[in-house]
Amino acid sequence: MSFVKFENVDLAYAPGGALAIEDVSLDVREGEFVAVVGPSGCGKSTLMKLISGLRMPSGGYVYVDGRQVGGPLKIVGMAFQNANLLPWRTTLDNVMLPLEIVEPYRSTLKKERSRYEAEARQLLARVGLAGFEDKFPWELSGGMQQRASICRALIHQPRLLMLDEPFGALDAFTREELWCMLRDLWQLQPFTVILVTHDLREAVFLADTVYVMSKRPGRILVRREIELPRPRD
Ligand code: ADP
Ligand code: ADP
């Protein structure tokens, strides 16, 4: 049973303009960890926008959880290359931000604040940020900021986590640490992950299935299920 499905999707940013992606079909099962790899400009961010409902396809169909996507989705958490933490908020308050926006958290936040806060602290502890809850973003390293941004993406327990080059700005050592962190989080609380990256090694290390896209317009060239034994097996 597919959770995210693309059927022959095209997208042109301008009506009648050049296609950013062409004839893309994908099938992602619930709980699967999928990576989409390709060169810069092949349409990886475009895929993310289509899944999250920020863009509508020019041709073909996008389904998430059995329904055609018709607008922004709440079941999605996202993280990007830049952590984009709000500089005037502490780590804890940055992580809790989605709870101020997404229902049913928003309307229960006042009453349940201490419970939600405990959950945020627990999530931060899992990624090695215990003790940093009250620090501001500028007091954290780049890797720590990225850990916090992944916590922020997960705090409302999304069924789908979308990651757009989340480790691209980090040094190689920190990047590998964060790979392990992400895999640990995913094992603990299974959610579906769609990771876009230009790092094939990252894709193979993390994902169950890797899609490789061509450069402009983005097309799926290869779909490969990874059968190598990975540390989580
Ligand atoms: P990637 O994330 O793989 O680098 P993108 O999805 O950002 O690729 O871009 C795919 C193609 O769509 C590129 O040719 C890019 O120039 C174009 N594109 C991306 N965003 C826009 C936009 N807002 N308006 C017009 N063209 C865009
Ligand atoms: P994003 O979410 O990646 O910022 P948006 O849908 O907000 O994308 O579109 C604006 C972005 O798309 C800009 O940051 C711009 O750099 C990028 N972009 C890439 N290629 C193009 C293009 N050919 N025409 C217009 N914008 C483009």
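Whatever order the structure lists ligands and atoms in, that order sets their numbers, starting from 1. Numbers here simply count residues along the sequence, with the first being 1.
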Run the side-chain donor-acceptor check on residues 118-126: report pairs under 3.5 Å with partners two or more places apart or on a different chain.
from: Arg121; atom 1: NH2; to: Glu117; atom 2: OE2; distance (Å): 3.3

| message | For a side chain to side chain contact (heavy atoms under 4.5 Å, CB included) check, start with the C-alpha distance between Val62 and Lys5, then their side-chain angles and the critical distance, and finish with the verdict. | response | CA-CA 6 Å; Val62 178; Lys5 195 173 169 76; over 6 Å; no

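Of all atoms in ligand 1, listed by their number and element, those nearer than 4.0 Å to a heavy atom of Ser45 are 1 (P), 2 (O), 6 (O), 7 (O). Short contacts between ligand 1 and Lys44, defined as distances under 4.0 Å to a heavy atom of the residue, involve ligand atoms 1 (P), 2 (O), 3 (O), 6 (O), 8 (O). Within ligand 1, the atoms closer than 4.0 Å to a non-hydrogen atom of Ala20 are 11 (C), 12 (O), numbered from 1 in the order shown. The distance from ligand 1 to the heavy atoms of Gly43 drops below 4.0 Å at these ligand atoms: 1 (P), 3 (O), 5 (P), 6 (O), 8 (O), 10 (C). Taking a cut-off of under 4.0 Å to the non-hydrogen atoms of Thr46, the atoms of ligand 1 that pass are 5 (P), 6 (O), 9 (O), 10 (C).
With hydrogens and angles ignored, the 3.5 Å screen pairs no side-chain donor or acceptor of Asp208 with any backbone N or O of Glu32.
When side chains are defined from C-beta on, Leu109 counts as touching Tyr116, because their heavy atoms get closer than 4.5 Å.
Heavy-atom contacts from other residues, nucleotides or ligands closer than 6.0 Å to CZ of Arg115 number more than 12.
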